[in-house]
2 protein chains.
Amino acid sequence: MAQAYDILIENFRQLVPISDQEAEIIKGTFVVKKLNKKELLLSKGDLSNHMRFVADGCLKVYSIGEKDMEHILQFGISGWWINDLYAYLTETPSELFIQAITPSTVLQIHRDRLNKLYDEIPMVDRFFRIKTQHGYVALQNRTIRTMSQTAEERYVKFISDYREMEQQIPQYMIAAFIGVTPEHLSAIRKKMSL
Amino acid sequence: MAQAYDILIENFRQLVPISDQEAEIIKGTFVVKKLNKKELLLSKGDLSNHMRFVADGCLKVYSIGEKDMEHILQFGISGWWINDLYAYLTETPSELFIQAITPSTVLQIHRDRLNKLYDEIPMVDRFFRIKTQHGYVALQNRTIRTMSQTAEERYVKFISDYREMEQQIPQYMIAAFIGVTPEHLSAIRKKMSL
DNA sequence: GTACGTTCTTAAGATACCTTAATGCTTTCG
DNA sequence: CGAAAGCATTAAGGTATCTTAAGAACGTAC
């Protein structure tokens, strides 16, 4: 499927100028990884040696806390970048899991290759600066909402933000994302529909 | 006080190589801003046209929600970068406030000048990529803790993380940072000391 | 040095959310 | 098709945290 690479290059070009020649170099540095439903892309204890781009499907990044409770940090569909950035940057064993919710296609670049690419194509450096800044801003908004809004308000916000994903994501994962139990989310939905 | 600029350059050199010549260029792009205790560096509704580096003192970044409740997103002391990054990147009016907790010295660079600097010195681009990645990771860890820990656990973690700031920061601001009311934090501390 | 603003504490009652446990509805798959 | 697994719901009782209101301790300014 050559199309996965087209989605990747398009993703770069939304933020920085990339020549056709550079595009070919970039394509050559990413490797396709196909995942079945529920297949793990990263487990706690693994090293995270790649930056990862979702070309197709839907995945979740999560940690497991006390009593096997899942806390979902991020969902990712086509066009999103997903990783345990801390494990990637520090080269230490990951504390997180990444799992495919639906059959998915991911493009991966190894850290060593990416570090070289930063020098070969400075716009790649800039691309990841801007991408990370956007990610930081999104996380900061989530932090504010967690502190200032009720579970019901966070749920309504989730539905409007993730309209395109909502179909593919079971309710208990939405609960694990907004920070409530599945039982409580069920109660919220019941109350809302009245 | 020329020392403020030395702290800035040292901050760059912790992450990327900067020649002495480049250091002089960078120094020339930042302007010193002194703040009195409680003085506002940014208010809701303002445009945020600068990237900001704390050389001295202590500041807070916060939003004001329902019932004039403060939600603190970040504290900053010497060596930290603080901003409303969303307002800065989108050039839209800020939703946040930045205020000096103690008399402070901040170094600021205007967006237009920084964008030029990215082209003149690619290592500046790289510096902000890495800085933002670190900030993203820190925020993500905070997100996990907010979802998985009790207020008491978050308070203990705060005390160990911010040992050097704790003196300068009143308790009710720590409460506004970890996401509880001042009354409840007071109760937590009482319980802990028994 | 008195007065005012700021910060912290205390305590009672209210509420949002959790825990547990049971039930039924889907979807999956041999 | 039938069994098992996965998922959503319901309800009762429990706990963490908030709200409100009051007062104490502290610093700071005139």
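Reminder, nothing fancy here: chain letters follow the sequence lines and each chain counts from 1.
Every side chain to side chain contact (heavy atoms under 4.5 Å, CB included) that Q168(A) has, sequence neighbours left out, goes to C58(A), I77(A), T102(A). Residues passing the salt bridge (Lys or Arg N to Asp or Glu O under 4.0 Å) test with K44(A), sequence neighbours excluded: E95(A). A search for side chain to side chain contact (heavy atoms under 4.5 Å, CB included) contacts involving L89(A) returns L85(A), Q133(B), H134(B), V137(B), not counting sequence neighbours. For E120(B), the salt bridge (Lys or Arg N to Asp or Glu O under 4.0 Å) partners are R113(B), not counting sequence neighbours. The side chain to side chain contact (heavy atoms under 4.5 Å, CB included) search around D119(B) returns R126(A), not counting sequence neighbours. Contacts of S186(A) classified as side chain to side chain contact (heavy atoms under 4.5 Å, CB included), with partners at least two apart in sequence or in another chain: none.
Sorted by first then second residue, the salt bridge (charged side-chain N to carboxylate O under 4.0 Å, His left out) pairs that include residues 132-154 of chain A, not counting sequence neighbours, are E152(A)-K191(A). Legend: ring-ring contact (aromatic ring centres under 6.0 Å, His included) pairs involving residues 83-109 of chain B, not counting sequence neighbours, sorted by first then second residue: Y62(B)-F97(B).
A close approach under 4.0 Å does occur between a side-chain nitrogen or oxygen of T181(B) and OP1 or OP2 of dC18(D).
Across I9(A) and A23(A), no two heavy atoms sit closer than the pair CD1-O, 3.7 Å. What you find for R163(A) and S160(A) is that their closest heavy atoms are NH2-O, 3.0 Å.
A salt bridge links D20(B) with R13(B): the distance from a Lys NZ or Arg NE/NH1/NH2 to an Asp or Glu carboxylate oxygen falls below 4.0 Å.
Side-chain contact of D84(B) with S94(B): a donor-acceptor pair under 3.5 Å is present, judged by distance alone.
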With sugar-phosphate taken as primed atoms, P, OP1 and OP2 and all else as base, the protein-contact string of nucleotides 7-15 of chain D at under 4.0 Å (heavy atoms; B, S, -) is SSSBS----
Can you give one letter per nucleotide of nucleotides 24-30 of chain D, going 5' to 3': B for a protein heavy atom under 4.0 Å from the base, S for sugar-phosphate only, - for none? -------
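Between V156(A) and M192(A) the shortest side-chain heavy-atom distance falls below 4.5 Å.
Comparing the end axes of the helix from dG1(C)-dC30(D) to dG30(C)-dC1(D), each fitted to five base pairs by superposing C1' atoms of four pairs onto the next four, gives an inter-axis angle of 40° (nearest 10 degrees).
Residues of residues 142-156 of chain A having a heavy atom closer than 4.0 Å to DNA chain C, listed by number: T150(A), A151(A).
When the P atom of dG6(D) is taken as reference, atom CD of Q168(A) falls 20 Å away, rounded to whole Å.
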